[in-house]
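Here the structure is a predicted model, which means the values were calculated and not measured. Remember, it's 1-based here, ligands and their atoms both numbered in the order they're listed.
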Amino acid sequence: SLSSKDKQLVKAMWAKAAPKAEEIGHDVLTSVYPQTKTYFSHWPDLSYGSAPVRNHGRKVMGGVAEAVEKIDDLVGGLLTMSELHAFQLRVDPANFKILAHNLLVVLAKTFPVDFTPETHVAMDKFLARVALALSDKYR
Ligand code: HEM
């Protein structure tokens with residue numbers, strides 16, 4: 001599980017990222033693999049910089065911020081979000097891993113100094129556990 005050092009690094013990284021959350025979320029969503037666009041086919045405009053993509057970037061980053069707050073109990077803390085993605089949205093859980101990877105790439109690109117190897121490992125562990133918590137309701 002996440003060590004207290006991991007948690008400290010995740011919180012510190014997120015404190016840096018939070019003020020830029022909208023921009024980061026937008027970059028994360030527009031770098032997702034094209035097949036994930038099928039989930040958003042009901043949106044009027046899926047292009048780079050469109051209002052729905054910006055809005056959704058903000059929402060997803062809000063979800064990650066919530067996960068940082070619930071870092072000590074991700075499965076319990078993200079229950080509602082897991083139910084939403086599993087039962088209502090029916091998102092294939094494989095996509096959580098893609099999103100986590102994209103977020104790591106965007107964080108590394110946006111914060112080349114703060115995204116140290118230690119922070120990389122801590123964020124990777126954290127996002128893997130977020131993905132697991134979001135997939136919890138699929139079983
Ligand atoms: C909606 C979080 C991954 C598909 C949402 C919402 C949040 C959220 C907070 C808004 C819920 C609301 O409006 O009440 C997250 C987090 C993720 C994640 C934290 C991973 C770290 C994904 C992935 C997909 C996905 C990988 C699919 C490829 C959707 C869809 C919606 C949604 C389709 C509804 C969009 C709409 O308003 O039409 N997500 N999400 N999510 N999410 Fe996710």
Task: Shortest non-hydrogen contact from V130 toward A67 - done: CG2-CB, 3.8 Å
- [ ] Please report the closest heavy-atom contact between E118 and L9, naming both atoms and the distance.
- [x] O-CD1, 3.7 Å
Task: For F96, the ligand 1 atoms whose distance to one of its heavy atoms is below 4.0 Å - done: 3 (C), 22 (C), 26 (C)
Open item on the list: With a 3.5 Å distance limit and no angle check, can you tell me whether D114 reaches the backbone of F111 through a side-chain donor-acceptor pair?
Closed with: no
Open item on the list: So, taking the atom named CG in D72 and the one named CG in L2, what distance separates them when rounded to the nearest 0.5 Å?
Closed with: 9.0 Å
TODO: Find out whether L99 and V60 are in side-chain contact, i.e. whether some heavy atom of one side chain is under 4.5 Å from a heavy atom of the other.
DONE: yes
TODO: Note the single closest protein heavy atom to atom 28 (C) of ligand 1, along with its residue, its atom name and the distance in Å.
DONE: Y39 CD1, 3.5 Å
- [ ] Identify, for atom 33 (C) of ligand 1, the protein heavy atom at the shortest distance, and state residue, atom and that distance.
- [x] F40 CE2, 3.4 Å
Task: Polar side-chain atom of D6 near backbone of S3 as donor-acceptor pair, under 3.5 Å - done: yes
Result block: side-chain N/O donor-acceptor pairs under 3.5 angstrom for residues 14-23, not counting sequence neighbours:
| residue | atom | partner | partner atom | Å |
| --- | --- | --- | --- | --- |
| E22 | OE1 | R58 | NE | 3.3 |

Open item on the list: What count do you get for protein N, O or S atoms closer to atom 43 (Fe) of ligand 1 than 2.8 Å?
Closed with: 1
TODO: Give a yes or no answer on whether the side chain of T30 reaches the backbone of H26 with a donor-acceptor pair at less than 3.5 Å.
DONE: yes
- [ ] Considering heavy atoms of the protein only, find what lies nearest to atom 17 (C) of ligand 1 and give residue, atom and distance to 0.1 Å.
- [x] L134 CD1, 3.7 Å
Open item on the list: Give me the atom names and distance for the closest heavy-atom approach of K137 to F87.
Closed with: O-CZ, 3.5 Å
- [ ] Say whether, by atom type as modelled, one donor and one acceptor occur between the side chain of D73 and the main chain of G76 under 3.5 angstrom.
- [x] yes
TODO: Kindly state if atom 40 (N) of ligand 1 has a protein heavy atom within a strict 4.0 Å cut-off, that is, under 4.0 Å?
DONE: yes
Open item on the list: At under 4.0 Å between heavy atoms, is it the side chain or the backbone of L103 that contacts ligand 1, or both, or neither?
Closed with: neither
Task: Nearest neighbour in protein (non-hydrogen) for atom 36 (C) of ligand 1 - done: W43 NE1, 3.7 Å
Task: Top protein contact for atom 38 (O) of ligand 1, by heavy-atom distance - done: H42 NE2, 2.8 Å
